[in-house]
Each structure stands twice: as C-alpha cells, then as structure tokens.
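On a predicted model such as this, the values are computed, not experimentally measured, just so you know. Just so you know, ligand 1 is whichever comes first in the structure, and atom 1 is the first atom listed for that ligand. Values below: all heavy atoms of this structure, side chains included; hydrogens, waters and symmetry mates excluded.
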Amino acid sequence: MTNPRYFLIGAGVAAAIAAAAIVLPAAGVRAEGDFFAPVAEPTTLKECSACHMAYPAGLLPARSWRAVMGGLNDHFGENASLDAKMTATITDYLVANAADAKTNRSKVTRGLDAAVTPLRISDLPWWHREHDGEVGPKAFANPKVGSRANCGACHAGAAKGYFEDD
Ligand code: HEC
Ligand code: HEC
C-alpha cells in the first residue's frame, strides 16, 4: 500500500533544511498520525513506566485515562496504586493531553462509541484499523512480543513517540 507518510517525512526534512528551521519534520509526521508526544510530565514518566512504556497521553481519550487512574488498585491484575497527590498529578496531565483534548483532534477516537470507555489502547477501533490484517495474531503471541500492549517490541521508536512500521 502506498503510504504518504514517507512523503510527509521527506517534505518535512527538506523544509527544515531549506529554512534551517526547528522541528518541522515532527510536525509533518504528527499530521500523518504516527507520532504521539512522549510523556513529558516527570511523575507520570517515572510511575507509569515501571512495568511497561509510559504510554503517550494522546493514545486514549480523557474518559479512559480517568477510568485507568481511578482503578490503579486493580490495574490489569496488578496493584499500581499511588498516593492521592501523585494520582491527581498524573490524571491531570493525561487528561489535558488526551486523544480528545481540544488541542489534539487525533484520529485515535474515530469510530469509538461515545458510550464506551476502553481501558486499553489496543481495544480502540483505530488501533484495530492500524493492525488487523497487517499484523497476524501470532505476532502478538510471539514470546518476544507477548502482548498487544508491548508496543515497543515492534515499534522501535515508541519511547520517542514514533509508531511507524519498523
Ligand atoms: C505494577 C506494574 C504496573 C504499573 C506501575 C503500571 N502499569 Fe499499566 N499495565 C500493567 C499491566 C500488567 C498491563 C497489562 C499489559 C498486557 O496486557 O500485556 C498494563 C496495561 C496498561 C494499559 C493498557 C495497554 C493496552 O493497550 O493494552 C494502560 C493504558 C496502562 N497500563 C496505563 C498505566 C498508567 C497510566 C500507569 C501509571 C499510573 C501504569 N499503567 C502503571 C502494569 C502496570
Ligand atoms: C506485533 C507487533 C506490534 C505491536 C505489539 C504493536 N504494533 Fe503497532 N503496528 C505494527 C505494524 C507491523 C504496523 C504497520 C501496519 C501497516 O503497515 O500499516 C503497525 C502500525 C501502527 C500504527 C500506524 C503507523 C502508521 O504508519 O500510520 C500505530 C500508530 C501503531 N501501530 C501504534 C501501536 C501502539 C500504540 C501499540 C501498543 C499499544 C502497538 N502499535 C503495538 C506492529 C505492532
């Protein structure tokens, strides 16, 4: 399948070189939807990367982050509870930068029923559009991957916010 992403990256780089400008390539990639700003809030980065990558806030809508943060005592079978202050700091950051935040307008929530609050990125219709048919179920079961939640196993740039096809 042809992918305009490469054109956008190329155009962004060319523009940056031509204008000796700052961060134009990232802007080009962001428009294509495979760049998600990595977690930039220190408490979130520290506390939410102990067991898996700190998922970028832009990968879930605000209501999902509220639900995840409201249930840390039973977090996918783990107790990930934090004190009230840290919980509030992290929740505020994730909600302010969520997929459906006013500044974001990403395609992540496209096709998601407004009455549904997914706890997993990998439960979003968008995530399935990007992976189903492209990545077989066996790839996720591969011991080197282990789970759909292990984004970094397949996306080498995930920690830097890049989820392109590596
Ligand atoms: C004690 C370990 C632990 C900590 C700390 C932790 N998590 Fe998790 N988290 C998990 C486990 C286990 C899963 C399920 C992973 C799987 O299905 O492979 C998970 C899954 C998730 C998912 C769903 C990913 C998906 O799409 O399937 C989100 C979102 C998430 N965590 C957010 C957070 C946030 C936000 C924090 C910080 C407040 C956090 N986690 C801290 C253990 C942890
Ligand atoms: C088993 C490997 C694997 C895992 C695990 C995985 N992905 Fe992917 N993902 C892929 C592949 C392969 C593609 C490219 C499909 C294609 O070419 O269209 C892709 C595509 C994407 C895209 C679209 C990229 C683009 O170029 O538009 C995004 C965004 C994405 N994945 C995010 C994630 C996130 C977030 C997670 C973790 C919650 C994740 N992926 C987990 C393999 C994986």
Side-chain angles (χ1 to χ4, degrees), residues 1-10 28-99 104 106-110 112 116-166:
M1 111 184 147
T2 52
N3 194 331
R5 180 174 88 239
Y6 298 113
F7 167 74
L8 277 172
I9 293 168
V29 171
R30 188 193 297 258
E32 183 53 27
D34 65 357
F35 177 78
F36 293 89
V39 167
E41 194 287 311
T43 306
T44 311
L45 190 56
K46 180 161 182 280
E47 302 300 335
C48 303
S49 65
C51 305
H52 47 66
M53 73 172 290
Y55 299 113
L59 286 172
L60 280 175
R63 64 183 182 279
S64 293
W65 287 126
R66 286 200 188 88
V68 167
M69 293 306 296
L72 286 181
N73 59 333
D74 183 12
H75 180 74
F76 304 95
E78 304 271 342
N79 185 347
S81 313
L82 297 167
D83 68 36
K85 193 170 170 243
M86 283 198 274
T87 304
T89 301
I90 296 170
T91 306
D92 288 352
Y93 169 77
L94 292 171
V95 165
N97 295 282
N104 239 347
S106 81
K107 60 184 175 181
V108 164
T109 52
R110 216 174 279 164
L112 176 65
V116 173
T117 302
L119 297 178
R120 287 182 178 274
I121 299 153
S122 51
D123 280 345
L124 293 167
W126 159 80
W127 193 93
H128 283 279
R129 287 195 298 274
E130 298 287 9
H131 294 86
D132 293 1
E134 302 277 355
V135 194
K138 275 194 197 142
F140 296 109
N142 181 315
K144 285 185 185 149
V145 178
S147 163
R148 285 173 167 73
N150 192 6
C151 320
C154 303
H155 299 285
K160 292 197 167 105
Y162 292 99
F163 290 88
E164 69 275 20
D165 182 6
D166 297 296

- request: Would you mind telling me if ligand 2 is within reach of the side chain of Trp126, the backbone, both or neither, using heavy atoms under 4.0 Å?
  value: side chain
field: Heavy-atom side-chain proximity of Met86 to Leu72 below 4.5 angstrom
entry: no
- line: ligand 2 atoms nearer than 4.0 angstrom to some heavy atom of Leu59 are 35 (C)
message: Can you see whether Asn104 engages Ser106 through a side-chain donor-acceptor pair at a distance of less than 3.5 angstrom?
response: no
- prompt: For ligand 2, which atoms have a heavy atom of Val135 less than 4.0 angstrom away?
  reply: 1 (C), 10 (C), 11 (C), 12 (C), 42 (C)
Reported CG-to-CD distance for the pair Asp83 and Glu47, which is rounded to 0.5 angstrom: 8.5 Å
- request: State the atoms of ligand 1, each with its element, that fall below the 4.0 Å cut-off from a heavy-atom position in Leu60.
  value: 29 (C)
query: Is the gap between the ring centers of Phe36 and Trp126 under 6.0 Å?
result: yes
query: Do Cys48 and Ile90 have side-chain heavy atoms sitting under 4.5 Å apart?
result: yes
- request: Quick one: list whatever passes side chain to side chain contact (heavy atoms under 4.5 Å, CB included) with Ala96, sequence neighbours left out.
  value: none
- line: Note: heavy atom closest to atom 34 (C) of ligand 2, options Tyr162, Trp127, Phe35, belongs to Trp127
Contact atoms of ligand 1, heavy-atom distance to Glu47 under 4.0 Å: 5 (C), 37 (C), 41 (C)
task: Would you mind running through ligand 2 and noting each atom that sits below 4.0 Å from a heavy atom of Cys154?
output: 1 (C), 2 (C), 3 (C), 4 (C), 5 (C), 42 (C), 43 (C)
message: At under 4.0 Å between heavy atoms, is it the side chain or the backbone of Glu134 that contacts ligand 2, or both, or neither?
response: side chain
N or O pair under 3.5 Å between Lys107 and ligand 2: no
Working for side chain to side chain contact (heavy atoms under 4.5 Å, CB included), residues Phe163 and Leu59: CA-CA 11 Å; Phe163 290 88; Leu59 286 172; 4.1 Å; yes
- request: Classify the ring geometry between His155 and His131 as parallel (under 30°), tilted (30 to 60°) or perpendicular (over 60°).
  value: perpendicular
query: Just how far is it from atom CG of Leu119 to atom CH2 of Trp65, taken to the nearest 0.5 Å?
result: 10.5 Å
- request: Measure the CZ-CZ distance between Arg110 and Arg129 for me, rounded to the nearest 0.5 Å.
  value: 7.0 Å
Min N/O separation Trp65 to ligand 1 under 3.5 Å: no
statement: ligand 2 atoms nearer than 4.0 angstrom to some heavy atom of Asn150 are 5 (C)
- request: May I ask you to check if any N/O/S atom from His155 comes under 2.8 Å of atom 8 (Fe) of ligand 2?
  value: yes
query: Can you find a heavy atom in the side chain of Arg120 that is under 4.5 Å from one in the side chain of Phe76?
result: yes
task: With heavy atoms under 4.0 Å as the rule, classify the contact between Cys151 and ligand 2 as side chain, backbone, both or neither.
output: both
field: Leu124 and Leu112, any side-chain heavy atoms less than 4.5 Å apart
entry: yes
message: A side-chain contact here means heavy atoms from C-beta on lying under 4.5 Å apart; do Tyr55 and Leu60 qualify?
response: no
message: Can a donor-acceptor pair be found, under 3.5 Å and without considering hydrogens, that links the side chain of Arg63 to the backbone of Val116?
response: yes
- prompt: Which atom names give the shortest non-hydrogen contact between Ala158 and Gly152, and what distance separates them?
  reply: CB-CA, 4.0 Å
message: Using only atom types and a distance under 3.5 Å, with no angle test, would you say the side chain of Asn73 pairs donor to acceptor with the backbone of Ser81?
response: no
Element-labelled atoms of ligand 2 that are located less than 4.0 Å from some non-hydrogen atom of Asp34: 24 (C), 25 (C), 26 (O), 27 (O)
query: Below 3.5 angstrom, do we get any N/O pair linking Ser122 and ligand 1?
result: yes
message: At under 4.0 Å between heavy atoms, is it the side chain or the backbone of Asn142 that contacts ligand 2, or both, or neither?
response: neither
field: Of all N/O/S atoms in His131, the name of the one nearest atom 8 (Fe) of ligand 2
entry: NE2
message: I'd like to check which ligand 1 atoms, numbered from 1 as shown, lie under 4.0 Å from a non-hydrogen atom of Ile121.
response: 25 (C), 26 (O)
- prompt: Which count of protein N, O or S atoms is obtained for distances strictly below 2.8 Å from atom 8 (Fe) of ligand 1?
  reply: 2
field: Proximity to ligand 1 by part of Leu119, non-hydrogen separation under 4.0 Å
entry: backbone
- request: Can you sort out which atoms of ligand 1 are near Ser147, meaning under 4.0 Å from one of its heavy atoms?
  value: 16 (C), 17 (O), 18 (O)
field: Nearest-option assignment for atom 17 (O) of ligand 1, heavy atoms, candidates Arg148, Arg120, Met69
entry: Arg120
